[in-house]
2 protein chains.
Amino acid sequence: MVQRVSGAEASSRAAKTALFDEFARLGQALANGRRLEILDVLANGERTVERLASETGISVANASQHLQVLREVGLVRRRREGTSICYALHDPQVFDLWRNLRSVAVQRRAEVGQLADAYLGARHTLEPVGRAELLRRLKHGDDVLVLDVRPSEEYAAGHLPRAVSIPLAELRRRLRELPRDKEVVAYCRGPYCAFADKAVRVLHQAGFRVRRLVDGLPEWRAAGLPVVSG
Amino acid sequence: MVQRVSGAEASSRAAKTALFDEFARLGQALANGRRLEILDVLANGERTVERLASETGISVANASQHLQVLREVGLVRRRREGTSICYALHDPQVFDLWRNLRSVAVQRRAEVGQLADAYLGARHTLEPVGRAELLRRLKHGDDVLVLDVRPSEEYAAGHLPRAVSIPLAELRRRLRELPRDKEVVAYCRGPYCAFADKAVRVLHQAGFRVRRLVDGLPEWRAAGLPVVSG
DNA sequence: CAAATCCTCAATTGAGCACTTAAATAGTAC
DNA sequence: GTACTATTTAAGTGCTCAATTGAGGATTTG
């Protein structure tokens, strides 16, 4: 059956199509795993193209192209920093969108849970520490050491109150800096970052009492909890 | 330069790639304007494939294909209703995701605002009524008539307290049902639905005091405000 | 000004998507 | 059980996208 529509209706439909296609461009920008990895890293602070490329395992040219896509739809912005160009999330709402996407994916698609386990290792052997619990223990007691295992630039860009920075790569040779009479709570970039899980495994093996924070710094910040920089 | 990675790192990277590709599948589902139109309509209540197709101007076969995509990633679910099949958003979080996407698109992309104006007509001539204001006036006074101009099925599926239903198509011939001593506040499916704007134009021309609600029923419900059904 | 360093662009390749038409399926209603 | 109808699937076409490679810009630093 052929649709008969008036001229006005047809032009209105064309306008609606154009509008929703424009919304869809944002979806397109979110429709690539590499771009989502980039967003996830950028949620922890700005990066040069080269660093982003090396951290994500993407080639520089390809990373640059993905960043153009993200920039065109307004998800990231850039600024020059000496000889390099730093990209950053355009604003906190972008992180909310990524988190929302993640959350729906986890709730609605069993495959995601399986792949997360495959990537992070079965991490549900030890219950993670919730944000509220950690905040309470930080305020009212001194029985916990908060450990930031991200690269030190990210720590500098913002970290949990009283957190100690030991990047994952240095953890094994700096074990003596950690107390054995407190519980260690490790955190990293978020629930889909492997750093904290790896740190927990290392510390557990070395005999420490240790758990991971339920997610990472970006989520802590997004929850409106205090973040210290510098 | 060729990347050298250890076997363990390589497999971990593969797992991470797979995980983020899985997230990206959700993005892919959101990467098409027609599918976003479908989600926007479904936020107002379930629909058969045929109705969805006719309301969006998509062919039935094509609508069915889009619905398969949405269903595979868990954004919609379906159930049989007599001889037809009804599709609905899988849960309220899906609407949150769509709203979040919309919101970032509007804030970050000037093109979206222009296209919205092109579709809806310059609607900023009259300030829309906020949800809080409407709620207050509904509770404490009797100076406002709330008008639902969506199709009557959607009104039946859920509407604002004390709202009167006059579908847009019937509005011109039912003008006498509306009071002239109150302000009329019209609402529809959301900020990117043209119904309320068209109703405002019709009523304004007929001499009514009328404004539109800032957005639609789904946003009202998502804000946790009271919704009446039946 | 020139060299060095980063980043972006352009061209290419192969893969995947949207939409149409036409045929098949799966329920319901009688 | 049969006919009917709404929905789904299949096949085909034109288009868009991701990634690679190599060349070309832009900006700082010497």
Side-chain angles (χ1 to χ4, degrees), chain A residues 1-3 13-14 16-18 20-39 42 46-73 75-88, chain B residues 1-3 13-14 17-18 20-39 42 46-73 76-88:
Chain A
M1 184 178 98
V2 177
Q3 291 263 348
R13 178 136 292 158
K16 185 173 188 184
T17 297
F20 279 76
D21 282 351
E22 202 59 33
F23 288 133
R25 289 198 54 191
L26 235 188
Q28 282 171 33
L30 300 173
N32 179 285
R34 259 23 72 220
R35 285 198 286 270
L36 295 180
E37 285 187 53
I38 288 173
L39 290 181
L42 287 182
E46 57 180 18
R47 291 280 189 295
T48 66
V49 177
E50 196 168 36
R51 254 201 90 191
L52 264 177
S54 86
E55 288 191 22
T56 54
I58 306 173
S59 77
V60 172
N62 197 195
S64 173
Q65 281 170 159
H66 281 310
L67 286 163
Q68 301 314 310
V69 173
L70 293 172
R71 200 163 74 98
E72 266 165 32
V73 299
L75 291 175
V76 306
R77 62 189 151 78
R78 66 178 183 182
R79 73 185 175 82
R80 182 164 282 276
E81 167 83 17
T83 136
S84 308
I85 289 175
C86 279
Y87 281 85
Chain B
M1 183 178 100
V2 177
Q3 290 263 348
R13 177 137 292 160
T17 297
F20 278 76
D21 282 350
E22 202 60 33
F23 287 133
R25 289 198 53 193
L26 235 190
Q28 281 171 34
L30 300 173
N32 180 284
R34 258 25 70 218
R35 285 197 287 270
L36 295 180
E37 285 188 51
I38 289 173
L39 290 181
L42 287 182
E46 58 179 18
R47 289 282 189 296
T48 66
V49 177
E50 197 169 34
R51 254 202 88 190
L52 218 31
S54 86
E55 288 192 22
T56 54
I58 306 173
S59 76
V60 172
N62 198 194
S64 174
Q65 284 169 339
H66 283 309
L67 286 164
Q68 303 313 312
V69 173
L70 293 172
R71 199 164 74 97
E72 266 165 32
V73 299
V76 306
R77 62 190 151 77
R78 64 179 183 182
R79 76 184 174 82
R80 183 165 280 277
E81 167 83 19
T83 133
S84 307
I85 289 176
C86 280
Y87 281 86

What's the closest nucleotide to the A:Ser84 side chain, out of C:dA18, D:dA19, C:dC6? C:dC6

If only side-chain N and O atoms of A:His66 are considered, is one of them under 4.0 Å from the OP1 or OP2 phosphate oxygen of D:dA19? yes

Looking at C:dA18, I'd like to know if its phosphate oxygens (OP1 or OP2) sit under 4.0 Å from a side-chain N or O belonging to B:Asn62. no

Hey, is the side chain of A:Arg80 poking within less than 4.0 Å of OP1 or OP2 on D:dG25, counting only N and O atoms? no

Output, in order, the C-alpha distance, side-chain angles, deciding distance and verdict of side-chain contact (heavy atoms from CB on, under 4.5 Å) for B:Leu67 and B:Leu52. CA-CA 10 Å; B:Leu67 286 164; B:Leu52 218 31; 4.0 Å; yes

Contacts of A:Gly82 and B:Tyr87 projected onto DNA chain D by closest heavy atom; the upstream (5') one is B:Tyr87

Would the distance check show the side chain of B:Thr17 and the main-chain N or O of B:Arg13 forming a donor-acceptor pair, the cut-off being under 3.5 Å? yes

Where the side chain of A:Ala61 is defined as all heavy atoms beyond and including C-beta, which of C:dC19, C:dT8, C:dT28 is the nearest nucleotide? C:dT8

When you get a sec, tell me which of D:dT9, C:dT8, D:dT7 is the closest nucleotide to the side chain of A:Val49? C:dT8

Any chance you could measure A:Arg35, atom CZ, to A:Thr56, atom OG1, to the nearest 0.5 Å? 13.0 Å

With respect to the phosphate group of C:dC6, does any side-chain polar atom (N or O) of A:Arg51 fall under 4.0 Å of OP1 or OP2? no

Which residue lies toward the 5' end of DNA chain C, A:Ile85 or A:Gln65, if each is placed at its nearest nucleotide? A:Ile85

